[in-house]
Protein chains: 4
Amino acid sequence: MANENENLTVRERQAIQTRKNLLDAGKAIFLENGFQKATISQMIKRAHTGYGTAYVYFKNKDDLLIVLMEEVMEKFYQVAEQSFEPKSKGEAQEQISEQVRLFLMLAVEEKAMMNVIKEAIGVSQEVEQRWNLIRERFIERISVDVRYSQKKGLANPTFNPVLVARGWFYANEMFMWDCVKGDNLFSIDDVIMNLTQLYVDGLY
Amino acid sequence: MANENENLTVRERQAIQTRKNLLDAGKAIFLENGFQKATISQMIKRAHTGYGTAYVYFKNKDDLLIVLMEEVMEKFYQVAEQSFEPKSKGEAQEQISEQVRLFLMLAVEEKAMMNVIKEAIGVSQEVEQRWNLIRERFIERISVDVRYSQKKGLANPTFNPVLVARGWFYANEMFMWDCVKGDNLFSIDDVIMNLTQLYVDGLY
Amino acid sequence: MANENENLTVRERQAIQTRKNLLDAGKAIFLENGFQKATISQMIKRAHTGYGTAYVYFKNKDDLLIVLMEEVMEKFYQVAEQSFEPKSKGEAQEQISEQVRLFLMLAVEEKAMMNVIKEAIGVSQEVEQRWNLIRERFIERISVDVRYSQKKGLANPTFNPVLVARGWFYANEMFMWDCVKGDNLFSIDDVIMNLTQLYVDGLY
Amino acid sequence: MANENENLTVRERQAIQTRKNLLDAGKAIFLENGFQKATISQMIKRAHTGYGTAYVYFKNKDDLLIVLMEEVMEKFYQVAEQSFEPKSKGEAQEQISEQVRLFLMLAVEEKAMMNVIKEAIGVSQEVEQRWNLIRERFIERISVDVRYSQKKGLANPTFNPVLVARGWFYANEMFMWDCVKGDNLFSIDDVIMNLTQLYVDGLY
DNA sequence: CATGAATGAGAATTCATTCAT
DNA sequence: CATGAATGAATTCTCATTCAT
């Protein structure tokens, strides 16, 4: 506990704090202005650091957002990582349904940040690449679940798990962006029900 | 003499030609440099017109791309507009499969232009909005097909046609961007087969 | 018809004027602040043009200075281009002496600008290259004179005209920079006398 | 000799080593990147020292280069300091010729470093001043030689030794920079021969 | 002796767009 | 219908140097 800090010199602790200040300030500025309009100037001003300091810790604006993005996505990973060991089609549907709900809810909770991220994905090569990595991680996890269900004789074994996982995630991701955008044309529950049912009916 | 009419006609013809030159030059420049790096300068230079001329025909760079985009999407609309009146689940699967194939093939054919469009969607509000409109048009058309199948007793009537159509299109669209990106991890045929089967098995 | 031409000419005339304004302003700013400290901002401000305008006419600060430099060097070229057709060693010494005098006088006259140029040569690759070109032009001209004297039997024919011309110009150039620098340790007349005598005694 | 080090405390020895590391690293970095692109960062990294350490030993980047420059110039001084006591014009020409050869050869040997120095002279006031000092030292030495020859009745006594020495060194210096630049348009031997002959024929 | 976190000045530059001709 | 000279906003990112530890 206290040991952790004892291992660090005063200098190191200050450095960590400075980085954190920058991250916090960056997040606030991004949320206020969006990705493109946000400037490093604003951030260092709010973090009470010097101009060069930001560049000690982050290569540039994109880089800072990526760190923030990973932080947010951490929560999503936890949802994706949930154990999935259904014993029947019914159980599968229930669990998948629940996972989709958590996924969308999380997105809605982090709505503001997700919108910044979406903007950044379109604008910054680097951020887009990072998002693709994140996506692949989700798809990979879903593939495992599909394979599990196939092995257990619950899911149609003729499907290619990777392609199914990919298609399934794509639909979810796009609905997620819809939810985040805010002009909610549909109830989230309707989306979940229809989406899951179609998937489960098709796959299982 | 019919001089006046002929003069007007000549003028009109010149105008049409100028517009076409601009469009052709614009397309070439977009394909060479991508959306952001492309400049109006380059375009008017290649079209052998003056700076201001481009603005006679197009509101701005985004506007020019949108015209180009609509031109390309016209072909896609034709695929979407194909009659869909299956008499059995088998026929449905066959027809949907074929439609997906045409959709993806078209995208691959127009690969270069689709990549420019993708870039522009991320960067330009206007283009993004236009793309959303295009997307809605596709989804609308699919909804009609779903409803038809439900009415005919082929498709599960408990599904919300709009949500199903949307989810289905989202998956297709994302795979389309994958195909267009070029690092083809999967065979298009595998994608089509798995995607269609899952959809048809789930819906019908 | 004539009107159209006049309109075009008006435009062109304005453009030429704008360019001239920029050049004049640029020169003034360079003289006031030196090469490195001078900024395009200051120049456009003094020329009463917009920021972008400067970049319509000049690629960058270096480019603008090069134009100014060529303007100044034009006067030097005229000295170098003077006819040189001595009939005796005495005449040669007299003419060379006179040329060196004009060369150094000119440099002293344009002292301020020459100092800017010297600074720029050290700092900007482009300017340095341009200066090398200018130098070669002088050396080339001197070579011609040396060859003339050799042909006339006045100068020692065993010397390589190009190398002699180069060495001779180098010494002159360096003394020129000394004169321009201002801490005149020597009288210009002494420099001319000694330099020319050594050269003429050696070569003729 | 080894005593010198034995007299030093561990601390002092470490300090000397650190300084040497910095100097070596600095030289390597300068040679790799040129003067302007070289950064202190790179140097301290390669020398395995901390940021501040470099500033314990050197006032700044220019200062470090000056130390390196003096080291290189030391060899040149030795050439300049060679005894010069010719008994005839022939001997003078021979000795001067040899000195020029050594001078140019040395420059070519240290080509890489000389190029860095040239860049630095143009960019840094401090380095330029130091170079001027070095130059004066050479000129001073040559003046002594000229005076010696005049006293011995070998050289024309009407010449101002200081001005002759200066002109002579200027020509040599400039040819030296040419040799160092690398696009060798002339054979070094031709340069030496022509240059020396002109000088000796003129002066003696 | 050694360190390294923090600093901050500041000039260049682009290109879509306008509007007078 | 066509032109093209003029505009100008606004952020980036570097790196030598300092000084508290």
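Below, chain A is the first sequence line, B the second, and so on; all start at residue 1.
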Can you check each nucleotide of nucleotides 15-21 of chain F against protein heavy atoms at under 4.0 Å and return B for base, S for sugar-phosphate only, - for none, in 5' to 3' order? BSBB-B-
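- The CG-C1' distance, from A:N21 to E:dA5, rounds to 14 Å in whole Å.
- Residues A:A54 and A:I44 come closest through the heavy atom pair CB-CG2, 3.6 Å.
- Residues A:K27 and A:E71 are not paired through a salt bridge, judged by the lack of any N-O separation under 4.0 Å between the basic side chain and the carboxylate.
- Residues satisfying the side-chain contact (heavy atoms from CB on, under 4.5 Å) criterion with A:R11, sequence neighbours excluded, are A:T9.
- Per the geometry, CD1 belonging to D:I44 stands 16 Å off C1' belonging to E:dC1, to the nearest Å.
- Around CD of C:Q125, the count of heavy atoms belonging to other residues, nucleotides or ligands within 6.0 Å does not exceed 12.
- At whole-Å resolution of the value, NE2 in D:H48 and P in E:dT3 are 12 Å apart.
- Atom CD of C:Q17 and atom C1' of F:dA6 are 15 Å apart (whole Å).
- Judged by the 6.0 Å and 45° rule, D:K61 forms a cation-pi pair with D:F35.
- Rounding to whole angstrom units, CD1 of residue D:I16 and C1' of E:dC1 are separated by 13 Å.
- Nearest approach of D:L64 to D:G26, heavy atoms of both residues: CD2-CA, 4.3 Å.
- The 12-atom threshold is exceeded at CD of D:E70, counting heavy atoms of other residues, nucleotides or ligands nearer than 6.0 Å.
- Minimum heavy-atom separation, A:T53 to A:T18: CG2-CG2, 3.7 Å.
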Which dot-bracket string describes DNA chain F (Watson-Crick N1-N3 plus N6-O4 or O6-N4, or G-U N1-O2 and O6-N3, all under 3.5 Å; [ ] crossing; | other strand)? .||||||||||||||||||||
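- Atom CD in A:E12 sits about 15 Å away from atom C1' in E:dA6, given to the nearest Å.
- Closest to the side chain of D:Y57, out of F:dA2, E:dA2, E:dA6, is E:dA2.
- Atom C1' of nucleotide E:dA2 and atom CZ of D:F58 are separated by 15 Å, given to the nearest angstrom.
- No side-chain heavy atom of B:E110 sits under 4.5 Å from any side-chain heavy atom of B:I117.
- Rounded to an integer number of Å, the gap from CD of C:Q42 to P of E:dG10 is 11 Å.
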